[in-house]
Protein chains: 2
Amino acid sequence: MIRKLESIFTLSEDERHALQTLPMQVVAIKTDQAIVREGDSPSRACLILSGFACTYKVTAQGKRQIVSFNLPGDLPDLQSLHLTVLDNSISTISPCSVGFIQHEDLRDICERYPRLTAAFWRETLIDAAIFREWVLNVGRRDAYTRMAHVLCELLTRLRAVGLVEDHACDLPITQGEFADAIGVSTVHVNRVLQQLRADGLIELTGDRLKVPDWDRLKEAGEFDPTYLHLESNQAAA
Amino acid sequence: MIRKLESIFTLSEDERHALQTLPMQVVAIKTDQAIVREGDSPSRACLILSGFACTYKVTAQGKRQIVSFNLPGDLPDLQSLHLTVLDNSISTISPCSVGFIQHEDLRDICERYPRLTAAFWRETLIDAAIFREWVLNVGRRDAYTRMAHVLCELLTRLRAVGLVEDHACDLPITQGEFADAIGVSTVHVNRVLQQLRADGLIELTGDRLKVPDWDRLKEAGEFDPTYLHLESNQAAA
DNA sequence: CGACCTGTTGATACTCGTCAATCTGAGTGG
DNA sequence: CCACTCAGATTGACGAGTATCAACAGGTCG
(Lines give C-alpha, C1' and ligand atoms only; values in the text may rest on other atoms or scores of the structure.)
Protein backbone atom coordinates (compact mmCIF):
# COMPACT_ATOMS: atom_id res chain seq x y z
CA MET A 1 0.00 0.00 0.00
CA ILE A 2 2.82 2.35 0.95
CA ARG A 3 4.51 1.94 -2.40
CA LYS A 4 1.24 2.47 -4.21
CA LEU A 5 0.25 5.52 -2.17
CA GLU A 6 3.68 7.00 -2.68
CA SER A 7 3.25 6.67 -6.41
CA ILE A 8 0.35 9.11 -6.19
CA PHE A 9 1.05 11.08 -2.98
CA THR A 10 4.06 12.26 -1.00
CA LEU A 11 4.03 10.92 2.55
CA SER A 12 5.82 12.25 5.64
CA GLU A 13 7.80 9.96 7.94
CA ASP A 14 5.04 10.02 10.56
CA GLU A 15 2.37 9.20 8.05
CA ARG A 16 4.36 6.35 6.59
CA HIS A 17 4.95 4.95 10.04
CA ALA A 18 1.28 5.22 10.95
CA LEU A 19 0.36 3.30 7.80
CA GLN A 20 2.96 0.63 8.43
CA THR A 21 1.65 -0.08 11.91
CA LEU A 22 -1.99 -0.20 10.86
CA PRO A 23 -3.60 -3.42 12.19
CA MET A 24 -4.17 -5.76 9.29
CA GLN A 25 -5.36 -9.33 8.95
CA VAL A 26 -3.42 -11.05 6.19
CA VAL A 27 -5.09 -13.90 4.30
CA ALA A 28 -3.92 -16.09 1.42
CA ILE A 29 -6.59 -16.55 -1.24
CA LYS A 30 -6.59 -18.94 -4.18
CA THR A 31 -7.41 -18.12 -7.78
CA ASP A 32 -11.03 -17.25 -8.68
CA GLN A 33 -12.26 -16.75 -5.14
CA ALA A 34 -14.61 -13.92 -4.19
CA ILE A 35 -13.14 -11.34 -1.82
CA VAL A 36 -16.36 -9.33 -1.51
CA ARG A 37 -19.67 -9.55 -3.33
CA GLU A 38 -22.14 -7.03 -4.70
CA GLY A 39 -24.64 -6.29 -1.96
CA ASP A 40 -22.20 -6.80 0.89
CA SER A 41 -21.75 -4.16 3.59
CA PRO A 42 -18.23 -4.84 4.77
CA SER A 43 -16.80 -3.34 7.96
CA ARG A 44 -13.28 -3.58 6.64
CA ALA A 45 -11.40 -2.69 3.49
CA CYS A 46 -9.12 -5.03 1.58
CA LEU A 47 -5.61 -4.36 0.38
CA ILE A 48 -4.04 -6.45 -2.35
CA LEU A 49 -0.58 -7.39 -1.07
CA SER A 50 0.35 -9.68 -3.94
CA GLY A 51 -1.38 -11.25 -6.89
CA PHE A 52 -4.10 -9.93 -9.20
CA ALA A 53 -7.80 -9.38 -8.55
CA CYS A 54 -10.59 -7.74 -10.49
CA THR A 55 -13.65 -5.63 -9.79
CA TYR A 56 -16.68 -6.61 -11.81
CA LYS A 57 -20.43 -6.33 -12.23
CA VAL A 58 -22.85 -8.75 -13.83
CA THR A 59 -25.72 -8.13 -16.24
CA ALA A 60 -29.24 -9.42 -15.66
CA GLN A 61 -28.43 -11.91 -18.42
CA GLY A 62 -25.39 -13.06 -16.54
CA LYS A 63 -22.75 -11.36 -18.68
CA ARG A 64 -19.78 -10.21 -16.68
CA GLN A 65 -18.02 -6.89 -17.13
CA ILE A 66 -14.72 -6.33 -15.38
CA VAL A 67 -14.48 -2.63 -14.57
CA SER A 68 -10.97 -2.68 -13.11
CA PHE A 69 -7.98 -4.90 -12.52
CA ASN A 70 -6.68 -4.71 -8.95
CA LEU A 71 -2.92 -4.89 -8.66
CA PRO A 72 -0.61 -5.22 -5.66
CA GLY A 73 -0.92 -2.13 -3.49
CA ASP A 74 -4.52 -1.40 -4.52
CA LEU A 75 -7.37 -0.82 -2.08
CA PRO A 76 -10.17 -1.94 -4.39
CA ASP A 77 -13.10 -1.46 -2.03
CA LEU A 78 -11.99 1.67 -0.20
CA GLN A 79 -15.33 3.15 -1.32
CA SER A 80 -17.04 0.99 1.30
CA LEU A 81 -15.74 3.47 3.89
CA HIS A 82 -18.51 5.86 2.81
CA LEU A 83 -20.91 3.78 0.73
CA THR A 84 -22.55 1.20 2.93
CA VAL A 85 -23.63 -1.29 0.29
CA LEU A 86 -21.21 -2.49 -2.38
CA ASP A 87 -22.37 -2.15 -5.98
CA ASN A 88 -19.74 -4.51 -7.38
CA SER A 89 -17.97 -7.76 -6.63
CA ILE A 90 -14.24 -8.37 -6.30
CA SER A 91 -12.55 -11.68 -7.03
CA THR A 92 -9.01 -12.90 -7.29
CA ILE A 93 -7.77 -13.89 -10.72
CA SER A 94 -4.50 -15.35 -9.43
CA PRO A 95 -3.35 -16.58 -6.03
CA CYS A 96 -3.37 -13.50 -3.81
CA SER A 97 -2.25 -12.32 -0.45
CA VAL A 98 -4.87 -9.90 0.84
CA GLY A 99 -4.79 -7.69 3.93
CA PHE A 100 -8.01 -6.69 5.65
CA ILE A 101 -8.12 -3.37 7.52
CA GLN A 102 -11.02 -2.39 9.76
CA HIS A 103 -12.91 0.70 8.69
CA GLU A 104 -12.66 2.08 12.21
CA ASP A 105 -8.87 1.85 12.05
CA LEU A 106 -8.85 3.71 8.77
CA ARG A 107 -11.17 6.40 10.13
CA ASP A 108 -8.95 6.66 13.18
CA ILE A 109 -5.72 7.12 11.24
CA CYS A 110 -7.41 9.68 8.98
CA GLU A 111 -8.44 11.70 11.99
CA ARG A 112 -4.95 11.66 13.45
CA TYR A 113 -3.26 12.40 10.11
CA PRO A 114 -5.67 14.57 8.10
CA ARG A 115 -3.39 14.50 5.08
CA LEU A 116 -4.02 10.77 4.86
CA THR A 117 -7.71 11.51 4.33
CA ALA A 118 -6.66 13.46 1.26
CA ALA A 119 -4.35 10.62 0.17
CA PHE A 120 -7.11 8.00 0.43
CA TRP A 121 -9.65 10.30 -1.17
CA ARG A 122 -7.19 10.90 -3.98
CA GLU A 123 -6.79 7.15 -4.39
CA THR A 124 -10.55 6.74 -4.92
CA LEU A 125 -10.56 9.69 -7.33
CA ILE A 126 -7.91 7.99 -9.44
CA ASP A 127 -10.02 4.84 -9.48
CA ALA A 128 -12.85 7.00 -10.82
CA ALA A 129 -10.53 8.45 -13.47
CA ILE A 130 -9.67 4.93 -14.56
CA PHE A 131 -13.38 4.07 -14.81
CA ARG A 132 -13.91 7.13 -17.01
CA GLU A 133 -11.12 6.04 -19.31
CA TRP A 134 -12.65 2.56 -19.47
CA VAL A 135 -16.02 3.95 -20.48
CA LEU A 136 -14.25 5.70 -23.35
CA ASN A 137 -12.24 2.61 -24.15
CA VAL A 138 -15.21 0.27 -24.28
CA GLY A 139 -17.57 2.79 -25.85
CA ARG A 140 -15.52 4.32 -28.62
CA ARG A 141 -12.51 2.18 -29.54
CA ASP A 142 -12.36 -0.98 -31.63
CA ALA A 143 -11.27 -4.25 -30.09
CA TYR A 144 -7.66 -4.01 -31.26
CA THR A 145 -7.15 -0.54 -29.82
CA ARG A 146 -9.01 -1.46 -26.65
CA MET A 147 -6.78 -4.43 -26.01
CA ALA A 148 -3.62 -2.41 -26.62
CA HIS A 149 -4.92 0.27 -24.29
CA VAL A 150 -5.63 -2.11 -21.44
CA LEU A 151 -2.18 -3.65 -21.79
CA CYS A 152 -0.61 -0.18 -21.67
CA GLU A 153 -2.53 0.66 -18.53
CA LEU A 154 -1.55 -2.57 -16.82
CA LEU A 155 2.10 -2.13 -17.69
CA THR A 156 2.14 1.47 -16.49
CA ARG A 157 0.42 0.69 -13.21
CA LEU A 158 2.64 -2.31 -12.59
CA ARG A 159 5.69 -0.18 -13.30
CA ALA A 160 4.53 2.32 -10.68
CA VAL A 161 4.75 -0.38 -8.02
CA GLY A 162 8.01 -1.84 -9.28
CA LEU A 163 6.68 -4.95 -10.97
CA VAL A 164 8.08 -4.27 -14.45
CA GLU A 165 11.60 -5.04 -15.55
CA ASP A 166 12.89 -4.57 -19.07
CA HIS A 167 9.41 -3.84 -20.39
CA ALA A 168 8.29 -7.25 -19.20
CA CYS A 169 6.06 -8.39 -16.36
CA ASP A 170 3.98 -11.26 -15.00
CA LEU A 171 0.41 -11.01 -16.20
CA PRO A 172 -1.79 -13.83 -14.86
CA ILE A 173 -4.86 -12.81 -16.86
CA THR A 174 -6.70 -15.26 -19.10
CA GLN A 175 -8.17 -14.35 -22.47
CA GLY A 176 -11.62 -14.82 -20.98
CA GLU A 177 -10.83 -12.20 -18.36
CA PHE A 178 -9.49 -9.81 -20.96
CA ALA A 179 -12.72 -10.38 -22.88
CA ASP A 180 -14.80 -9.38 -19.86
CA ALA A 181 -12.59 -6.34 -19.35
CA ILE A 182 -12.78 -4.91 -22.85
CA GLY A 183 -16.35 -5.98 -23.57
CA VAL A 184 -15.81 -8.45 -26.40
CA SER A 185 -15.97 -12.23 -26.77
CA THR A 186 -13.16 -14.59 -25.81
CA VAL A 187 -12.76 -15.67 -29.40
CA HIS A 188 -12.28 -12.11 -30.51
CA VAL A 189 -9.71 -11.44 -27.80
CA ASN A 190 -7.76 -14.36 -29.13
CA ARG A 191 -7.76 -12.97 -32.65
CA VAL A 192 -6.85 -9.47 -31.52
CA LEU A 193 -3.96 -10.77 -29.44
CA GLN A 194 -2.65 -12.69 -32.41
CA GLN A 195 -2.81 -9.52 -34.46
CA LEU A 196 -0.92 -7.60 -31.80
CA ARG A 197 1.72 -10.34 -31.76
CA ALA A 198 1.92 -10.39 -35.55
CA ASP A 199 2.39 -6.63 -35.53
CA GLY A 200 5.32 -7.04 -33.16
CA LEU A 201 3.68 -4.99 -30.42
CA ILE A 202 3.62 -7.62 -27.70
CA GLU A 203 5.04 -10.99 -26.75
CA LEU A 204 2.44 -12.68 -24.60
CA THR A 205 2.97 -16.29 -23.61
CA GLY A 206 1.48 -17.94 -20.56
CA ASP A 207 1.59 -15.49 -17.68
CA ARG A 208 4.33 -13.33 -19.11
CA LEU A 209 4.01 -10.11 -21.10
CA LYS A 210 6.90 -8.47 -22.90
CA VAL A 211 6.66 -5.25 -24.85
CA PRO A 212 9.38 -4.93 -27.51
CA ASP A 213 8.29 -1.47 -28.63
CA TRP A 214 6.56 0.58 -25.97
CA ASP A 215 6.08 3.63 -28.15
CA ARG A 216 4.29 1.70 -30.85
CA LEU A 217 2.08 -0.10 -28.34
CA LYS A 218 1.18 3.24 -26.75
CA GLU A 219 0.29 4.58 -30.16
CA ALA A 220 -1.76 1.52 -31.05
CA GLY A 221 -3.69 1.84 -27.77
CA GLU A 222 -4.04 5.63 -27.97
CA PHE A 223 -2.54 5.54 -24.50
CA ASP A 224 -1.90 8.76 -22.58
CA PRO A 225 -1.12 8.02 -18.91
CA THR A 226 -2.35 11.38 -17.66
CA TYR A 227 -5.56 9.84 -16.33
CA LEU A 228 -3.57 7.62 -13.93
CA HIS A 229 -2.41 10.76 -12.12
CA LEU A 230 0.94 9.34 -11.07
CA GLU A 231 3.06 11.70 -9.01
CA SER A 232 6.40 11.39 -10.71
CA ASN A 233 6.87 10.77 -14.37
CA GLN A 234 7.22 7.04 -14.11
CA ALA A 235 4.67 6.84 -16.86
CA ALA A 236 7.13 8.19 -19.38
CA ALA A 237 9.76 5.56 -18.63
CA MET B 1 -26.24 21.51 -4.16
CA ILE B 2 -28.00 21.28 -0.82
CA ARG B 3 -30.88 19.32 -2.29
CA LYS B 4 -28.50 17.00 -4.08
CA LEU B 5 -26.26 16.44 -1.05
CA GLU B 6 -29.31 15.76 1.09
CA SER B 7 -30.37 13.08 -1.32
CA ILE B 8 -27.20 11.18 -0.44
CA PHE B 9 -26.27 12.50 3.02
CA THR B 10 -28.04 13.83 6.11
CA LEU B 11 -26.92 17.37 6.97
CA SER B 12 -27.12 19.21 10.28
CA GLU B 13 -28.47 22.77 10.51
CA ASP B 14 -24.97 24.21 10.92
CA GLU B 15 -23.65 22.30 7.96
CA ARG B 16 -26.54 23.35 5.78
CA HIS B 17 -26.04 26.95 6.78
CA ALA B 18 -22.32 26.79 6.07
CA LEU B 19 -23.02 25.43 2.61
CA GLN B 20 -25.65 28.06 1.90
CA THR B 21 -23.27 30.89 2.73
CA LEU B 22 -20.38 29.49 0.71
CA PRO B 23 -19.02 32.23 -1.62
CA MET B 24 -20.02 31.38 -5.15
CA GLN B 25 -19.73 33.12 -8.50
CA VAL B 26 -22.85 32.47 -10.54
CA VAL B 27 -22.58 32.49 -14.34
CA ALA B 28 -25.15 31.91 -17.07
CA ILE B 29 -23.80 29.68 -19.85
CA LYS B 30 -25.37 28.96 -23.24
CA THR B 31 -25.80 25.55 -24.82
CA ASP B 32 -22.71 23.65 -26.02
CA GLN B 33 -20.17 25.79 -24.22
CA ALA B 34 -17.15 24.32 -22.46
CA ILE B 35 -17.11 24.75 -18.68
CA VAL B 36 -13.70 23.14 -18.20
CA ARG B 37 -11.43 21.29 -20.60
CA GLU B 38 -9.25 18.21 -20.35
CA GLY B 39 -5.80 19.34 -19.27
CA ASP B 40 -7.03 22.30 -17.22
CA SER B 41 -5.92 22.76 -13.61
CA PRO B 42 -8.80 24.75 -12.17
CA SER B 43 -8.62 26.50 -8.80
CA ARG B 44 -12.35 26.31 -8.35
CA ALA B 45 -15.09 23.71 -8.65
CA CYS B 46 -18.30 24.16 -10.58
CA LEU B 47 -21.82 23.49 -9.39
CA ILE B 48 -24.66 23.01 -11.83
CA LEU B 49 -27.49 25.22 -10.55
CA SER B 50 -29.84 24.66 -13.46
CA GLY B 51 -29.68 23.07 -16.90
CA PHE B 52 -27.84 19.99 -18.14
CA ALA B 53 -24.14 19.44 -18.78
CA CYS B 54 -22.03 16.43 -19.62
CA THR B 55 -18.59 15.06 -18.79
CA TYR B 56 -16.79 13.58 -21.76
CA LYS B 57 -13.50 12.41 -23.19
CA VAL B 58 -12.36 12.24 -26.79
CA THR B 59 -10.55 9.49 -28.68
CA ALA B 60 -7.39 10.09 -30.69
CA GLN B 61 -9.62 9.71 -33.75
CA GLY B 62 -11.89 12.43 -32.46
CA LYS B 63 -14.77 10.23 -31.32
CA ARG B 64 -16.51 11.58 -28.25
CA GLN B 65 -17.64 9.48 -25.31
CA ILE B 66 -19.87 11.08 -22.72
CA VAL B 67 -19.10 9.43 -19.40
CA SER B 68 -21.73 11.20 -17.33
CA PHE B 69 -24.63 13.60 -17.57
CA ASN B 70 -24.43 16.43 -15.03
CA LEU B 71 -27.76 17.45 -13.59
CA PRO B 72 -28.80 20.37 -11.38
CA GLY B 73 -27.12 20.01 -7.99
CA ASP B 74 -24.11 18.12 -9.35
CA LEU B 75 -20.49 19.05 -8.68
CA PRO B 76 -19.03 17.49 -11.82
CA ASP B 77 -15.38 18.44 -11.30
CA LEU B 78 -15.12 18.07 -7.54
CA GLN B 79 -12.24 15.68 -8.26
CA SER B 80 -10.10 18.70 -9.14
CA LEU B 81 -9.85 19.34 -5.40
CA HIS B 82 -7.29 16.52 -5.21
CA LEU B 83 -6.29 15.79 -8.81
CA THR B 84 -4.45 18.77 -10.20
CA VAL B 85 -4.94 18.13 -13.90
CA LEU B 86 -8.35 17.30 -15.32
CA ASP B 87 -8.60 14.16 -17.43
CA ASN B 88 -11.96 15.06 -18.96
CA SER B 89 -13.89 17.99 -20.36
CA ILE B 90 -17.25 19.32 -19.25
CA SER B 91 -19.68 21.15 -21.51
CA THR B 92 -23.20 22.38 -21.22
CA ILE B 93 -25.82 20.63 -23.34
CA SER B 94 -28.56 23.11 -22.52
CA PRO B 95 -28.56 26.68 -21.21
CA CYS B 96 -27.12 26.44 -17.70
CA SER B 97 -26.65 28.46 -14.60
CA VAL B 98 -23.34 27.43 -13.06
CA GLY B 99 -21.83 28.41 -9.71
CA PHE B 100 -18.08 28.48 -9.24
CA ILE B 101 -16.67 27.80 -5.78
CA GLN B 102 -13.01 28.33 -4.94
CA HIS B 103 -11.12 25.24 -3.87
CA GLU B 104 -9.77 27.09 -0.85
CA ASP B 105 -13.30 27.84 0.31
CA LEU B 106 -14.22 24.17 -0.04
CA ARG B 107 -11.10 23.10 1.87
CA ASP B 108 -11.92 25.66 4.52
CA ILE B 109 -15.49 24.50 5.05
CA CYS B 110 -14.34 20.87 5.15
CA GLU B 111 -11.89 21.71 7.89
CA ARG B 112 -14.53 23.48 9.95
CA TYR B 113 -17.18 20.79 9.37
CA PRO B 114 -15.35 17.46 9.04
CA ARG B 115 -18.56 15.64 8.21
CA LEU B 116 -18.75 17.70 5.05
CA THR B 117 -15.47 16.15 3.94
CA ALA B 118 -17.22 12.81 4.18
CA ALA B 119 -20.24 14.18 2.32
CA PHE B 120 -18.15 15.50 -0.56
CA TRP B 121 -16.01 12.37 -0.64
CA ARG B 122 -19.18 10.34 -0.75
CA GLU B 123 -20.41 12.46 -3.65
CA THR B 124 -17.28 11.59 -5.67
CA LEU B 125 -17.63 7.92 -4.72
CA ILE B 126 -21.14 7.89 -6.13
CA ASP B 127 -19.83 9.43 -9.33
CA ALA B 128 -17.36 6.53 -9.48
CA ALA B 129 -20.19 4.05 -8.91
CA ILE B 130 -22.04 5.58 -11.85
CA PHE B 131 -18.93 5.25 -14.03
CA ARG B 132 -18.71 1.57 -13.08
CA GLU B 133 -22.31 1.03 -14.08
CA TRP B 134 -21.64 2.81 -17.38
CA VAL B 135 -18.69 0.53 -18.14
CA LEU B 136 -21.05 -2.40 -17.67
CA ASN B 137 -23.76 -0.69 -19.68
CA VAL B 138 -21.55 0.12 -22.64
CA GLY B 139 -19.54 -3.09 -22.47
CA ARG B 140 -22.17 -5.76 -22.00
CA ARG B 141 -25.64 -4.55 -22.98
CA ASP B 142 -27.15 -4.13 -26.43
CA ALA B 143 -28.18 -0.71 -27.68
CA TYR B 144 -31.84 -1.08 -26.75
CA THR B 145 -31.12 -2.06 -23.17
CA ARG B 146 -28.39 0.56 -22.87
CA MET B 147 -30.73 3.33 -23.94
CA ALA B 148 -33.46 2.19 -21.55
CA HIS B 149 -30.90 2.03 -18.75
CA VAL B 150 -29.61 5.56 -19.32
CA LEU B 151 -33.17 6.89 -19.36
CA CYS B 152 -33.90 5.11 -16.08
CA GLU B 153 -30.81 6.60 -14.50
CA LEU B 154 -31.66 10.10 -15.66
CA LEU B 155 -35.22 9.83 -14.42
CA THR B 156 -34.12 8.50 -11.03
CA ARG B 157 -31.47 11.16 -10.53
CA LEU B 158 -33.82 13.92 -11.62
CA ARG B 159 -36.46 12.63 -9.25
CA ALA B 160 -33.95 12.82 -6.39
CA VAL B 161 -33.65 16.57 -6.94
CA GLY B 162 -37.35 17.15 -7.49
CA LEU B 163 -37.36 17.56 -11.26
CA VAL B 164 -39.81 14.76 -12.06
CA GLU B 165 -43.57 15.08 -11.89
CA ASP B 166 -45.98 12.37 -12.92
CA HIS B 167 -43.18 10.25 -14.37
CA ALA B 168 -42.35 13.08 -16.76
CA CYS B 169 -39.46 15.51 -16.95
CA ASP B 170 -37.60 17.94 -19.17
CA LEU B 171 -34.75 16.20 -20.97
CA PRO B 172 -32.78 18.56 -23.24
CA ILE B 173 -30.56 15.84 -24.68
CA THR B 174 -30.19 15.34 -28.43
CA GLN B 175 -29.98 11.94 -30.09
CA GLY B 176 -26.36 12.72 -30.96
CA GLU B 177 -25.61 13.22 -27.28
CA PHE B 178 -27.36 9.99 -26.36
CA ALA B 179 -25.26 8.30 -29.03
CA ASP B 180 -22.04 9.57 -27.45
CA ALA B 181 -23.30 8.47 -24.03
CA ILE B 182 -24.18 4.89 -24.90
CA GLY B 183 -21.41 4.37 -27.45
CA VAL B 184 -23.44 3.85 -30.63
CA SER B 185 -24.14 5.91 -33.76
CA THR B 186 -26.76 8.64 -33.94
CA VAL B 187 -28.70 6.68 -36.53
CA HIS B 188 -28.90 3.70 -34.25
CA VAL B 189 -30.06 5.81 -31.31
CA ASN B 190 -32.89 7.01 -33.51
CA ARG B 191 -33.96 3.47 -34.31
CA VAL B 192 -33.70 2.30 -30.73
CA LEU B 193 -35.79 5.24 -29.50
CA GLN B 194 -38.45 4.43 -32.04
CA GLN B 195 -38.49 0.87 -30.80
CA LEU B 196 -38.84 2.03 -27.20
CA ARG B 197 -41.73 4.26 -28.26
CA ALA B 198 -43.35 1.47 -30.24
CA ASP B 199 -43.07 -0.79 -27.20
CA GLY B 200 -44.91 1.81 -25.15
CA LEU B 201 -42.00 2.30 -22.75
CA ILE B 202 -41.40 6.00 -23.32
CA GLU B 203 -42.96 9.08 -24.83
CA LEU B 204 -40.11 11.29 -25.95
CA THR B 205 -40.90 14.39 -27.96
CA GLY B 206 -38.72 17.44 -28.15
CA ASP B 207 -37.23 18.11 -24.72
CA ARG B 208 -39.86 16.21 -22.81
CA LEU B 209 -39.73 12.62 -21.55
CA LYS B 210 -42.73 10.78 -20.19
CA VAL B 211 -42.64 7.24 -18.87
CA PRO B 212 -46.04 5.53 -19.01
CA ASP B 213 -44.84 2.31 -17.39
CA TRP B 214 -41.89 2.72 -15.08
CA ASP B 215 -41.70 -0.92 -14.11
CA ARG B 216 -41.48 -2.10 -17.68
CA LEU B 217 -38.86 0.51 -18.54
CA LYS B 218 -36.81 -0.54 -15.52
CA GLU B 219 -37.04 -4.11 -16.64
CA ALA B 220 -36.09 -3.27 -20.22
CA GLY B 221 -33.04 -1.36 -18.97
CA GLU B 222 -32.09 -3.94 -16.33
CA PHE B 223 -32.17 -0.98 -13.98
CA ASP B 224 -31.40 -1.43 -10.28
CA PRO B 225 -30.87 1.97 -8.60
CA THR B 226 -28.64 0.57 -5.85
CA TYR B 227 -25.53 1.95 -7.52
CA LEU B 228 -26.84 5.51 -7.17
CA HIS B 229 -26.61 5.14 -3.38
CA LEU B 230 -29.52 7.45 -2.64
CA GLU B 231 -30.25 7.94 1.04
CA SER B 232 -33.98 7.52 1.15
CA ASN B 233 -35.92 5.21 -1.05
CA GLN B 234 -36.82 7.79 -3.63
CA ALA B 235 -35.56 5.33 -6.19
CA ALA B 236 -38.48 3.04 -5.57
CA ALA B 237 -41.07 5.74 -6.18
C1' DC C 1 -36.14 33.45 -46.66
C1' DG C 2 -32.28 30.65 -46.24
C1' DA C 3 -29.00 28.38 -43.22
C1' DC C 4 -28.60 25.05 -39.99
C1' DC C 5 -29.34 21.71 -36.54
C1' DT C 6 -31.92 17.72 -35.31
C1' DG C 7 -34.49 13.89 -36.47
C1' DT C 8 -35.79 10.21 -39.84
C1' DT C 9 -35.29 6.65 -43.36
C1' DG C 10 -33.19 3.16 -46.62
C1' DA C 11 -29.32 0.54 -48.50
C1' DT C 12 -25.08 -1.55 -47.80
C1' DA C 13 -20.77 -2.98 -45.37
C1' DC C 14 -18.21 -4.50 -41.56
C1' DT C 15 -17.01 -5.59 -36.83
C1' DC C 16 -17.70 -8.79 -33.76
C1' DG C 17 -20.64 -12.68 -31.54
C1' DT C 18 -21.96 -17.40 -31.45
C1' DC C 19 -21.37 -22.17 -32.08
C1' DA C 20 -18.63 -26.01 -32.36
C1' DA C 21 -14.57 -28.49 -32.90
C1' DT C 22 -9.74 -29.10 -31.97
C1' DC C 23 -5.42 -28.34 -29.76
C1' DT C 24 -2.15 -27.51 -25.92
C1' DG C 25 -0.12 -27.72 -21.51
C1' DA C 26 -0.41 -28.27 -16.56
C1' DG C 27 -1.75 -30.93 -13.06
C1' DT C 28 -3.45 -35.48 -10.91
C1' DG C 29 -3.83 -40.13 -9.68
C1' DG C 30 -2.69 -44.85 -10.39
C1' DC D 1 6.04 -42.32 -15.47
C1' DC D 2 2.08 -42.36 -18.20
C1' DA D 3 -2.89 -42.04 -19.14
C1' DC D 4 -6.46 -38.99 -17.79
C1' DT D 5 -8.61 -34.63 -17.02
C1' DC D 6 -9.59 -30.04 -17.50
C1' DA D 7 -8.96 -25.17 -18.22
C1' DG D 8 -7.32 -22.23 -21.51
C1' DA D 9 -6.06 -21.19 -26.26
C1' DT D 10 -6.98 -21.62 -31.18
C1' DT D 11 -9.48 -22.14 -35.54
C1' DG D 12 -13.32 -21.96 -39.05
C1' DA D 13 -18.05 -21.06 -40.55
C1' DC D 14 -21.88 -18.37 -40.18
C1' DG D 15 -25.04 -14.82 -38.43
C1' DA D 16 -26.50 -10.68 -35.65
C1' DG D 17 -25.92 -6.07 -34.35
C1' DT D 18 -24.40 -1.85 -35.58
C1' DA D 19 -21.71 1.54 -38.48
C1' DT D 20 -21.54 4.19 -42.44
C1' DC D 21 -23.23 6.78 -46.25
C1' DA D 22 -26.59 9.44 -48.29
C1' DA D 23 -30.72 11.70 -48.79
C1' DC D 24 -34.56 14.20 -47.01
C1' DA D 25 -37.96 16.39 -43.63
C1' DG D 26 -39.15 19.56 -39.95
C1' DG D 27 -38.34 23.24 -36.91
C1' DT D 28 -35.68 27.40 -35.35
C1' DC D 29 -33.38 31.58 -35.80
C1' DG D 30 -30.89 35.44 -37.63
Side-chain angles (χ1 to χ4, degrees), chain A residues 30-33 52 54 59 61-66 91-95 137-148 150-151 170-198 202-209 220, chain B residues 30-33 52 54 59 61-66 91-95 137-150 170-198 202-209 220:
Chain A
K30 296 204 190 101
T31 302
D32 287 331
Q33 301 297 309
F52 282 39
C54 70
T59 279
Q61 269 98 55
K63 294 185 185 173
R64 180 173 77 155
Q65 175 69 45
I66 293 177
S91 284
T92 59
I93 57 177
S94 82
N137 203 37
V138 171
R140 286 303 189 200
R141 295 192 179 114
D142 64 22
Y144 182 88
T145 313
R146 258 183 254 183
M147 189 73 232
V150 165
L151 291 175
D170 286 328
L171 207 63
I173 302 177
T174 68
Q175 295 186 359
E177 284 148 3
F178 276 128
D180 287 343
I182 67 175
V184 302
S185 68
T186 317
V187 172
H188 205 58
V189 164
N190 184 280
R191 293 184 167 130
V192 162
L193 283 176
Q194 288 181 53
Q195 192 61 50
L196 285 165
R197 279 189 277 248
I202 60 169
E203 291 164 29
L204 183 59
T205 46
D207 288 1
R208 194 91 193 141
L209 169 70
Chain B
K30 296 202 190 103
T31 302
D32 286 331
Q33 302 296 308
F52 282 40
C54 70
T59 279
Q61 269 97 55
K63 294 184 185 173
R64 180 172 77 156
Q65 176 69 46
I66 293 177
S91 284
T92 58
I93 57 176
S94 81
N137 202 36
V138 172
R140 286 303 188 200
R141 295 192 179 113
D142 64 21
Y144 183 88
T145 314
R146 258 183 253 183
M147 189 72 230
H149 189 280
V150 165
D170 286 327
L171 205 63
I173 302 177
T174 67
Q175 294 187 359
E177 283 149 3
F178 276 128
D180 287 343
I182 67 175
V184 302
S185 68
T186 317
V187 172
H188 205 58
V189 164
N190 184 281
R191 292 181 169 132
V192 161
L193 284 176
Q194 288 181 53
Q195 192 60 49
L196 285 166
R197 279 189 277 246
I202 60 169
E203 291 165 28
L204 183 59
T205 46
D207 288 1
R208 194 89 193 143
L209 169 70

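Throughout, a chain's letter reflects where its sequence line sits, starting with A, and its residues are numbered from 1.
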Quiz item: How bent is the helix from dC1(C)-dG30(D) to dG30(C)-dC1(D), comparing axes over its five end pairs at each side, to the nearest 10°?
Solution: 40°
Quiz prompt | Sugar-phosphate, base or nothing in reach of Arg141(B), heavy atoms under 4.0 Å | solution = nothing
Sequence-distant partners of [X], side-chain hydrogen bond (donor to acceptor under 3.5 Å, both in side chains), two or more places apart:
| X | value |
| --- | --- |
| Asp142(B) | Thr145(B) |
| Glu203(B) | none |
| Gln33(B) | none |
| Gln195(B) | Asp199(B) |

Practice problem: May I ask you to verify whether the side chain of Arg191(B) and the base of dG10(C) hold a donor-acceptor pair under 3.5 Å? | Solution: yes
Quiz item: For Arg197(B), which residues count as a salt bridge (charged side-chain N to carboxylate O under 4.0 Å, His left out) partner, sequence neighbours excluded?
Solution: none
Practice problem: Apply salt bridge (charged side-chain N to carboxylate O under 4.0 Å, His left out) to Arg141(B) and list each qualifying residue two or more places apart in sequence or on a separate chain. | Solution: Glu133(B), Glu222(B)
Quiz prompt | Value in whole Å for how far the C1' atom of dT6(C) lies from CD1 of Ile173(B) | solution = 15 Å
Self-check item: Between C1' of dT18(D) and CG of Asp142(B), the distance in whole Å
Solution: 11 Å
Quiz item: Which residue pairs satisfy the salt bridge (Lys or Arg N to Asp or Glu O under 4.0 Å) criterion with at least one member in residues 171-189 of chain B, sequence neighbours excluded?
Solution: Arg140(A)-Asp180(B), Arg64(B)-Asp180(B)
Quiz item: Can you list the residues that meet the side chain to side chain contact (heavy atoms under 4.5 Å, CB included) rule with Arg208(B), with sequence neighbours excluded?
Solution: Ala168(B), Asp170(B)
Kindly give the atom pairs (protein nitrogen or oxygen, nucleotide nitrogen or oxygen) under 3.5 Å for nucleotides 24-30 of chain D.
none

What does the list of N/O pairs under 3.5 Å between the protein and nucleotides 22-27 of chain C look like, with a distance for each?
none

Exercise. List in numerical order all residues of residues 182-190 of chain A for which some heavy atom is under 4.0 Å away from an atom belonging to DNA chain C.
Key: Gly183(A), Val184(A), Ser185(A), Val187(A), His188(A)
